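Please read all numbers here as calculations on a predicted model, not as lab measurements. We name chains A, B, ... by the order of the sequence lines, and we start the count at 1 in each one.
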Amino acid sequence: MDSSTDNEIKIANYFDNKMDAAEQEAFLQKVRGDNLLSRQFENELLIRSFLYTDDNYSSLDDCIETSGMIRDKGVYKISRNLRNYLGVAALLILVILSVHLLLQKKSKVITVAQIQNHEDTTRSEEKAKHLFADNNSTEAEYKKFYRKYTSWSDPVEVSKYYNDYVNNNYLEVINSEDSGFAEKGLTKDENYLMAYVQLYKGLCYLAEAKPEESINRFSTVLKISEKGGTPYYEAEWYSALAWLKAGNRNKSVEILEKIQYSRSPHLKDAVQLLHELNTK
Amino acid sequence: MSKKNKYYLLTSTANKIWRDNDLKEQQQMYVNFVKEYKDLFFRQVITNHSKIPAYILAEIAENALLMSWEMFTNAGIEKKITIKSAEYSGYLFIIFKRTYFKLLTKEIRHSESADEFAQSENNDFVTLIEPEVGSPFSIIVQRILDSMSPVDKQLMIWRYVDELTIDDITERKSISRNSIIKELSRAKKKFTDLYNELNNR
């Protein structure tokens, strides 16, 4: 058997989980050192990248199902077919929703015009409108990219705030003392812990659909936290989302452009969001 | 490994923590798992790639680990999984590996599209990234598949779209495993040659 075919067998075994941990490590070591194997391995990945459909990507939960550990194959195949039908149904719903949204947008324009004619908008509302909206609807992008913050490594001193946030007790966090963690005794730099508290408060305001307040909190985090740390990167990303929520696309783009050249854990999302905002 | 660390790696512990839905214990479980297995997991998936820098590969692995842990935990809490082995790490690794390669291939596709965009003197790149109407693939991929023989095309679809294992395909075609691998290898070569041809590489 020639080495190319031998490599193909190894690649197939690797992806079909027919190797134990030591064999997998040894295989990848060989990929690093063997030019032919390396080319074949990259080619395998390239083909996968072209042939994986959106269905493959959108159903990452399949990772559990297709591992053959929950359901038997028969059920899996049925569920896969079912998903295809659901995909078609989802597409239809999407088309209907788009038409509905278009019609709604049209009626919204009339409503705004009517309100403006009445001239009953207060000055503060106008100011807020000016600050937080640039006439581009960014709600869809916000909804698409917003995911609740989760972490397993935040400082234990501020875990009360974190747990309240995770359990949707947003008002608890918002109304709590900024330095409540001090009661538990400081073991870390005060600014470090304060940055987390401000981050949680910002996240809670955002979850409560109050982007203006959340932006203020995130801005505090960016001022007091160490650049490159978790609170910094999270505040940066969520403030980009908060500006989106507030309807200010330009401010959001400004922050995302910074993120795309950083080592933020949200780099990929930021690049994608930026692309969507720029191509809109 | 200390007894306490080992405790958090056991399937029985995971089941108990999921049953109680104890967030702090879930965190502890993750901390212990990462301490014990993260490096080993990463060594089993990360290798050099000519177009994706090492730091991006590491970030993809980090993301994949978090995503797979979340999927694993949620499935555990919802009682969707039954793990037979004493430790849950093997189970989790399968999820992690699949997640990692899905994220990586997505990154590769993005990088390929960007390359095509940069190299293209006209609007040809559009053919690569635009989806074909009524097809889940881009126009160029659909064109390549249509140029292949029905047997090769079927093999490619089974392997990469339906994500069947070589054993699954062997069962369907009733020929030996090695023959399937050889057939698939030829089909892959045709696919790559056609792709390069259409892109004037």
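Expressed to the nearest 0.5 Å, how far OG1 of B:T165 lies from CG of A:D16 amounts to 5.0 Å. To the nearest 0.5 Å, atom CZ of residue B:R177 and atom CD1 of residue A:I9 are 7.5 Å apart. With rounding to the nearest 0.5 angstrom, the CD atom of A:Q40 is 7.5 Å from the NZ atom of B:K188. Atom CD in B:Q44 sits 6.0 Å away from atom CD in A:E25 (nearest 0.5 Å). Separating the CZ atom in B:R159 from the CZ atom in A:R48 is a distance of 5.5 Å, to the nearest 0.5 Å. A distance of 9.5 Å separates OG1 in A:T150 from OH in B:Y30, rounded to the nearest 0.5 Å.
A donor atom on one side chain and an acceptor atom on the other are found under 3.5 Å apart for A:E44 and B:Y160. Between the side chains of A:Q24 and B:K97, at least one donor N or O lies within less than 3.5 Å of an accepting N or O.
Heavy atoms of B:F41 lying under 4.5 Å from chain A are absent altogether. At a 4.5 Å heavy-atom cutoff, the contact between A:N17 and chain B is made by backbone and side-chain atoms alike. Heavy-atom distances place the side chain of B:N63, and not its backbone, under 4.5 Å from chain A. Both the backbone and the side chain of B:I166 come within less than 4.5 Å of a heavy atom in chain A. Contact annotation for B:I144: neither backbone nor side-chain heavy atoms come within less than 4.5 Å of a heavy atom of chain A. Looking at B:V34, neither its backbone nor its side chain comes within 4.5 Å of chain A, counting heavy atoms on both sides.
Under a cut-off of 6.0 angstrom, the local environment of NZ in A:K148 is crowded, with over 12 non-hydrogen atoms contributed by other residues, nucleotides or ligands. Residue A:E23 places its CD atom among more than 12 non-hydrogen atoms of other residues, nucleotides or ligands, all under 6.0 Å distant.
No side-chain heavy atom of B:L145 sits less than 4.5 Å from a side-chain heavy atom of A:F50. By the 4.5 Å heavy-atom criterion applied to side chains, B:L184 and A:E8 are not counted as neighbours. A:L46 places a side-chain heavy atom less than 4.5 Å from the side chain of B:I108. Residues A:L45 and B:H49 are in side-chain contact: their nearest non-hydrogen atoms beyond the backbone lie under 4.5 Å apart. You'll find the side chain of B:L23 reaches within 4.5 Å of the side chain of A:N163, heavy atoms only.
Checked for salt-bridge contact, A:E42 and B:K51 miss the test: no charged N lies under 4.0 Å from a carboxylate O. The residues B:E59 and A:K268 are annotated as not salt-bridged, no charged nitrogen and carboxylate oxygen being separated by less than 4.0 angstrom.
Taking chain A as the reference chain and counting heavy-atom pairs below 4.5 Å, the highest number among B:E70, B:K24, B:Q27 is found for B:Q27. Annotation: maximal heavy-atom pairing with chain A below 4.5 Å, among B:L40, B:V31, B:N74, B:V45, occurs at B:V45.
Using cut-offs of 30° and 60° on the angle between ring planes, the pair B:F101 and A:F41 is perpendicular.
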